[in-house]
Amino acid sequence: MKAEELKGHLDGLILSVVARESLHGYAVIEALKARSGGDLALPEGTVYPALHRLEAEGLLKSEWSTASGRRRRVYSITRRGEKELGASRERWRAFSTTIEAVLA
Amino acid sequence: MTYLDTLRAELTAAAIPARRRARILAEVSEHLHENPRAELGAPRDLARQFADELGTRLARTVALRAFAALSLAGLVLAVMFLGDGARGQFSFAAANRASTPSWAVPVLLIVMFSAQVSLASGSLALLRALRLRDLRVISQAEATVLARRTGVALLAGAVTMTGVPVVALAFPHAGGSLWHTLAWILTAVALTALVSVLPGLVRSFRLRPLERGEAGDLSDDLAGLMPPSWTPLRVALLLCGVIVVVVALAGLRAGDPYDGLARGLSDAAACMAGFIVLGRYLGMRAPG
């Protein structure tokens with residue numbers, strides 16, 4: 001899937017993977033790849049600005065943690081983020097149902 | 001020069017604050033440690049994305065916070081000057097009494113003028129912020145207009161609120177002792193609210209999106225509310241006419257038609273002067 005096609009859905013995708021478990025930036029990208037069977041090939045740099053913005057909007061929170069002596073910024077979803085994720089899923093279902101109906 | 005060195009320079013050039021910059025560099029460093037061959041994109045593009053996304057959000061948030069603080073200041077003004085104990089006692093007619101110092105009229109004019117500028121500029125900032133609320137990235141020109149409108153609204157709001165205790169000193173026998181005590185306390189509360197927005201405003205002038213694009217004008221702000229053919233000047237003239245009629249009618253109802261008319265005309269004059277002087281700076285008129 002092309003990066004351009006993912007732009008409008010990036011927030012929902014990030015919230016979805018962070019909702020399962022708290023992750024640092026690199027792990028978020030790896031989780032997106034793993035859950036899509038490798039189809040979601042995002043330009044890796046685009047995820048960090050989105051993570052920072054989602055945190056600024058109160059949808060994610062983050063804290064430093066240490067793993068193998070290295071500091072990592074780990075992100076987790078907030079209650080607001082969970083609500084937004086639910087809304088994002090609803091929007092996607094409505095959108096895909098409509099497109100499916102037209103294309104079928 | 002390493003990728004991180006270049007990224008640091010680009011983040012600095014994009015006005016990303018030092019603390020945020022350090023965090024981004026730490027995260028990217030960790031990412032490159034996990035995968036030295038990671039494709040993070042060109043440092044300039046990555047820095048630009050941070051500036052676009054964070055600058056967009058900052059410009060909108062500051063405009064909304066400023067409007068909330070200005071609303072509080074407006075409430076204070078309403079309580080101070082429209083309450084039963086004060087209504088009609090701080091008019092131009094009252095200022096002509098012998099016990100009122102000669103500077104009372106200029107102070108009243110400044111307070112009224114700055115209040116209009118603050119209300120207009122703050123409302124325009126709110127309109128623009130709401131119109132752009134769903135966009136992930138806005139243009140630098142749009143963010144600049146938002147920051148300018150917010151800045152002018154806060155400055156004029158601060159001048160207005162600072163004028164309230166000065167008015168209290170100019171009218172020592174009006175309003176009663178409780179009014180005079182409240183003038184100082186409520187002014188301090190409103191000014192604190194206005195000043196609390198300042199750090200964010202300063203940041204929004206520095207950290208702006210790098211996206212190119214036009215800022216639009218007053219017609220864009222009022223799209224859907226006004227006929228598309230209406231020019232910004234026509235909208236401003238209509239607004240001035242409405243202000244004169246409404247304020248004059250309010251004066252008539254309060255039993256002081258001359259004062260009402262004087263206030264209406266001065267408010268409309270303030271509105272038109274603001275449009276002429278600040279129109280381009282605040283993005284009401286298209287750049288010449």
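Below, read A as the first sequence line, B as the second, and so on, with proteins coming before strands; counting in each chain starts at 1. Values below: every heavy atom of this structure, side chains too, minus hydrogens, waters and symmetry copies.
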Counting only non-hydrogen atoms closer than 4.5 Å, can you tell me which residues of residues 86-100 of chain A sit against chain B? none
Min side-chain heavy-atom separation P49(A)-L54(B) under 4.5 Å: no
What verdict does the side chain to side chain contact (heavy atoms under 4.5 Å, CB included) test give for T56(B) and R53(A), after you've listed the backbone C-alpha separation in whole Å, the side-chain angles of each residue and the deciding distance to 0.1 Å? CA-CA 10 Å; T56(B) 294; R53(A) 177 175 44 78; over 6 Å; no
Are Y48(A) and E27(B) side-chain neighbours, meaning at least one heavy-atom pair lies under 4.5 Å? yes
Checking heavy atoms, do the side chain of S29(B), its backbone, both or neither come under 4.5 Å from chain A? both
Against chain B, label E30(A) side chain, backbone, both or neither, depending on which of its atoms sit under 4.5 Å from a heavy atom there. neither
Show the numbers, then the answer: is there a side chain to side chain donor-acceptor pair (under 3.5 Å) between H31(B) and E44(A)? CA-CA 9 Å; H31(B) 190 110; E44(A) 297 179 24; 2.5 Å; yes
K33(A) atom NZ, neighbour heavy-atom count above 12 within 6.0 Å: yes
Nearest 0.5 Å, what's the CZ-CG distance between R136(B) and L10(A)? 8.0 Å
Name the residue from Q49(B), R20(B), E53(B) that meets the side chain to side chain contact (heavy atoms under 4.5 Å, CB included) definition with H52(A). R20(B)
Spatial distance of atom CG (N35(B)) from atom CD1 (I29(A)) [nearest 0.5 Å]: 9.5 Å
Any non-hydrogen side-chain atom of W64(A) less than 4.5 Å from a side-chain atom of R23(B)? yes
Residues of residues 66-84 of chain A within contact distance of chain B, non-hydrogen under 4.5 Å: R70(A), R71(A), R72(A), R73(A), Y75(A)
